[in-house]
Peer 1: 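Can you keep this structure in mind? I'll have questions shortly.
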Amino acid sequence: DAKTTQPNSMESNEEEPVHLPCNHSTISGTDYIHWYRQLPSQGPEYVIHGLTSNVNNRMASLAIAEDRKSSTLILHRATLRDAAVYYCILRDTPREGNTPLVFGKGTRLSVIA
Amino acid sequence: DTGVSQNPRHKITKRGQNVTFRCDPISEHNRLYWYRQTLGQGPEFLTYFQNEAQLEKSRLLSDRFSAERPKGSFSTLEIQRTEQGDSAMYLCASSSWTIEQYFGPGTRLTVT
């Protein structure tokens with residue numbers, strides 16, 4: 001799996017938007033970009049994934065650069081419950097199916113009331 | 001609740017003892033994964049199953065570790081002759097053919 005680079009930590013004020021960056025300059029053409037998050041004392045949970053186009057769901061939006069070498073997870077209004085470690089993961093999903101995830105250290109997001 | 005469950009949630013054991021953890025996946029999920037997570041690190045893959053077949057084992061899975069998934073339902077992870085370095089959170093996840101993996105709450109192992 002191609003490597004991703006994320007900031008170690010970020011801080012946000014409650015009810016403000018948060019943009020979590022991820023660099024993946026060695027991404028291959030068939031790599032999907034996945035985001036998971038891990039709340040304190042819980043297992044990771046799926047947030048969103050995309051290939052080329054920007055994606056939206058009830059939890060977040062994923063903005064993917066045109067050259068696909070970077071992406072940004074967007075939380076539109078951060079709440080205290082969004083404080084977690086956010087992981088950006090690349091996976092060649094179509095060829096390999098649902099294979100094990102390769103996690104980095106992720107970005108620890110702190111939300112200030 | 002029909003999510004992934006893991007038991008026990010916490011286990012304290014003495015070095016050299018054997019421990020076994022259980023994972024009950026979401027029903028009808030054909031894939032089941034085990035990960036290990038140490039403090040400050042992301043989860044690391046250990047092994048995974050498709051139904052009852054063990055498809056892959058990480059190099060992290062020494063010969064003291066064994067995992068089974070009889071009948072393709074629940075899975076067990078056994079660690080023999082535990083060492084202090086085995087202290088970690090052991091996470092189980094399951095999935096169908098869709099993208100998402102669903103994680104359980106984990107079993108925290110402390111080896112004294």
Side-chain angles (χ1 to χ4, degrees), chain A residues 1-9 20 22 24 30-53 55 57-60 62 64 84-110, chain B residues 1 3-7 9-10 21 23-26 28-51 53-61 67 75 77 88-108:
Chain A
D1 292 298
K3 184 176 173 57
T4 63
T5 304
Q6 299 178 253
N8 290 332
S9 62
L20 296 163
C22 181
H24 28 79
T30 53
D31 280 335
Y32 277 69
I33 302 158
H34 300 254
W35 283 82
Y36 279 74
R37 73 178 186 180
Q38 188 171 20
L39 302 173
S41 302
Q42 295 188 27
E45 64 175 343
Y46 166 83
V47 177
I48 201 166
H49 78 279
L51 183 62
T52 56
S53 304
V55 184
N57 67 19
R58 63 174 180 81
M59 290 182 70
L62 177 59
I64 302 172
V85 178
Y86 287 79
Y87 298 99
C88 170
I89 300 167
L90 302 184
R91 193 169 62 171
D92 189 355
T93 304
R95 279 194 306 125
E96 300 172 3
N98 211 336
T99 52
L101 298 166
V102 179
F103 290 84
K105 289 189 176 182
T107 297
R108 181 173 298 278
L109 175 66
S110 301
Chain B
D1 181 65
V4 177
S5 62
Q6 293 187 245
N7 287 288
R9 295 291 309 277
H10 303 274
F21 309 140
C23 172
D24 286 272
I26 293 172
E28 299 179 356
H29 274 187
N30 61 339
R31 290 201 172 183
L32 185 149
Y33 314 77
W34 285 99
Y35 295 84
R36 183 175 71 183
Q37 186 173 27
T38 54
L39 199 63
Q41 304 295 317
E44 297 173 293
F45 162 69
L46 292 178
T47 187
Y48 82 112
F49 294 83
Q50 179 166 304
N51 299 315
Q54 190 170 18
L55 295 187
E56 187 179 343
K57 291 190 286 187
S58 160
R59 61 176 175 77
L60 295 175
L61 212 67
S75 176
L77 177 69
M89 176 73 82
Y90 290 84
L91 293 161
C92 175
S94 70
S95 74
S96 62
W97 294 107
T98 59
I99 296 293
E100 305 98 288
Q101 292 186 15
Y102 295 84
F103 283 79
T107 294
R108 180 167 295 285

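To find a chain, count down the sequence lines: A is the first, B the second, and so on, and within it residues start at 1.
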Peer 1: Measure the CZ-OG distance between B:Arg9 and A:Ser41 for me, rounded to the nearest 0.5 Å.
Peer 2: 8.5 Å

Peer 1: Mind ranking B:Ser96, B:Gly42, B:Gly40 by heavy-atom pairs under 4.5 Å with chain A and telling me who comes out on top?
Peer 2: B:Gly42

Peer 1: Is there side-chain contact between A:Thr99 and B:Tyr48, with heavy atoms separated by less than 4.5 Å?
Peer 2: yes

Peer 1: Verify, without hydrogens or angle tests, whether A:Tyr36 (side chain) and B:Gln101 (backbone) share a donor-acceptor contact under 3.5 angstrom.
Peer 2: yes

Peer 1: Please report the shortest heavy-atom distance between B:Pro43 and A:Tyr87, naming the atom on each side.
Peer 2: CD-OH, 3.9 Å

Peer 1: Measure distances from B:Gln37 to the heavy atoms of chain A and classify the residue's part below 4.5 Å as side chain, backbone, both or neither.
Peer 2: side chain

Peer 1: Distance check, rounded to the nearest 0.5 Å: A:Phe103 atom CZ versus B:Tyr35 atom OH?
Peer 2: 5.5 Å

Peer 1: Between B:Tyr102 and chain A, with a heavy-atom cut-off of 4.5 Å, which part of the residue counts as in contact: side chain, backbone, both or neither?
Peer 2: neither

Peer 1: Atom CD in B:Glu44, atom CG in A:Leu101: separation rounded to 0.5 Å?
Peer 2: 13.5 Å

Peer 1: Indicate yes or no: at least one non-hydrogen side-chain atom of B:Leu91 is less than 4.5 angstrom from one of A:Pro44.
Peer 2: yes

Peer 1: Which answer fits B:Ser58, side chain, backbone, both or neither, if we ask what part of it has an atom under 4.5 Å from a heavy atom of chain A?
Peer 2: neither

Peer 1: Working to the nearest 0.5 angstrom, can you tell me the gap between B:Glu100 CD and A:His34 NE2?
Peer 2: 9.5 Å

